Protein chains: 2
Amino acid sequence: MKFDDKIPIYLQIQNYLDRQIISGELAPGDRLPSVRQLAVDVTANVNTVQRALSEMIDEKIIVPQRGRGNFVTVDVDLIAQLRLKLVDEQFALVYDQLRALNFSDSEIIDKFVEYVKDRGALNE
Amino acid sequence: MKFDDKIPIYLQIQNYLDRQIISGELAPGDRLPSVRQLAVDVTANVNTVQRALSEMIDEKIIVPQRGRGNFVTVDVDLIAQLRLKLVDEQFALVYDQLRALNFSDSEIIDKFVEYVKDRGALNE
DNA sequence: TATAGTGTACTAGTTAACTAATACAGTTGG
DNA sequence: CCAACTGTATTAGTTAACTAGTACACTATA
């Protein structure tokens, strides 16, 4: 896994897992790879993986079972909530930045639509 | 200045200055506050400010003059280029994230437009 | 019931970011 | 000229993130 060395690795691991869960690649109730396997997968240390997980465990997104593994919560509401939170955070970032640059709302929308059209071009 | 402790302070200072320059609060040729004053303004150390500046100096956005101060470049093309770069980076972040969440392009646009409408409501 | 695979905890050491303090070099205005 | 302001450099110490290695508690299965 390629890391952005400006952002703590444990946060990037969280984001990676969040995306897997929200996109459904990791379904509710699914078992995650073991912490040791995850460490190999993302080329990080077990401790770093554990740190990423521990916060997600606090949020109850992941439920650990000693000796068995870590599991995705079966609380689909919680997952939906996580999805909303992530999307909202992303939007807030761009929006605040561009407002600080004195863009108007309509400019922001126009430019973003333009960007997506340039990037996508292939998706429905 | 309130910092996000997940992002290096020197990067946040850069972003702060970038925004001032792009929005025009700091015009081409303007003198920046002294490094010591900036350190006070953003509540950081002189060295941290200097580190933020040194990268911007490398990019020629800021031109230092020993004994006189730091000045915003008079190269307006360079500033326009910086503006484009910042906007593009922001858009790329959201877009990549949401694509990774299996959103389609049209969904991304729809949700973003909705978000801006909810946030703005007051701007033309 | 062993053995191998789990999560978890702890200690130790490295590195980058940051702070603090000092010093030096160049510029400007009285 | 000199005092007060600039940018710049250096050294030293702190902290958080990360790595590495080890150990322990628990679970499943052969």
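Everything numeric in this text was worked out from a predicted model, so none of it was measured. Residue numbers begin at 1 in each chain, while the letters A, B, ... track the order of the sequences.
Distance, A/Arg51 CZ to C/dA9 C1': 15 Å, rounded to whole Å. Atom-to-atom, CD of B/Glu55 to C1' of C/dA16 comes out at 13 Å; the value is rounded to the nearest Å. Taking atom CE of residue B/Met56 and atom C1' of nucleotide D/dG7, one finds them 16 Å apart after rounding to whole Å. At whole-Å resolution of the value, CG in B/Leu38 and P in D/dT8 are 13 Å apart. The CG atom of A/Asp58 sits 16 Å away from the P atom of C/dG7 (whole-angstrom rounding). Put simply, CG on A/Leu32 is 12 Å from P on C/dT8, counting in whole angstrom units. Across the protein-nucleic acid pair, B/Asp30 atom CG and D/dT6 atom C1' stand 17 Å apart, rounded to whole Å. With rounding to whole Å, A/Ile7 atom CD1 is found 18 Å from C/dA16 atom P.
Comparing A/Asp5 and A/Gly69 along DNA chain C, the residue whose closest nucleotide (by nearest heavy atom) sits nearer the 5' end is A/Gly69. In terms of position on DNA chain C, the residue among A/Ile57 and A/Lys6 whose nearest nucleotide sits closer to the 5' end is A/Ile57. Comparing B/Gln37 and A/Phe3 by the nucleotide of DNA chain D that holds the closest heavy atom to each, the one mapping nearer the 5' end is B/Gln37.
In terms of the ring-ring contact (aromatic ring centres under 6.0 Å, His included) criterion, B/Phe103 has no residue partners (sequence neighbours excluded). Residues passing the side-chain hydrogen bond (donor to acceptor under 3.5 Å, both in side chains) test with A/Glu55 are A/Gln14, sequence neighbours excluded.
Note on residues 69-80 of chain B: no pairs pass side chain to side chain donor-acceptor pair (under 3.5 Å), not counting sequence neighbours. Within the structure, side chain to side chain donor-acceptor pair (under 3.5 Å) pairs that include any residue of residues 22-38 of chain B comprise B/Ser23-B/Glu25, B/Gln37-B/Asp41 (at least two apart or interchain).
At a threshold of 4.0 Å, the pair A/Arg99-A/Asp105 counts as salt-bridged, since one of the basic side-chain nitrogens sits closer than that to a carboxylate oxygen.
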Notebook entry, point to check: How does protein reach along nucleotides 20-30 of chain D, written 5' to 3' as B (base within reach of a heavy atom under 4.0 Å), S (only sugar-phosphate), or - (no contact)?
Noted result: BB-B-BBSS--
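Using a 4.5 Å cut-off between side-chain heavy atoms of Ile, Leu, Val, Met, Phe, Trp and Tyr, with links allowed through other members, B/Leu82 and B/Val63 fall into different hydrophobic clusters.
Residue contacts for B/Thr48: at a heavy-atom cut-off of 4.0 Å it reaches a base atom on one of the strands shown.
Under a 4.5 Å side-chain heavy-atom criterion applied to ILVMFWY residues, the cluster that includes B/Ile7 comprises B/Tyr10, B/Leu11 as well.
In this structure, B/Asn70 reaches the D/dG7 phosphate: one of its side-chain N or O atoms is under 4.0 Å from OP1 or OP2. An OP1 or OP2 oxygen of C/dG5 is reached within less than 4.0 angstrom by no side-chain nitrogen or oxygen of A/Ser34.
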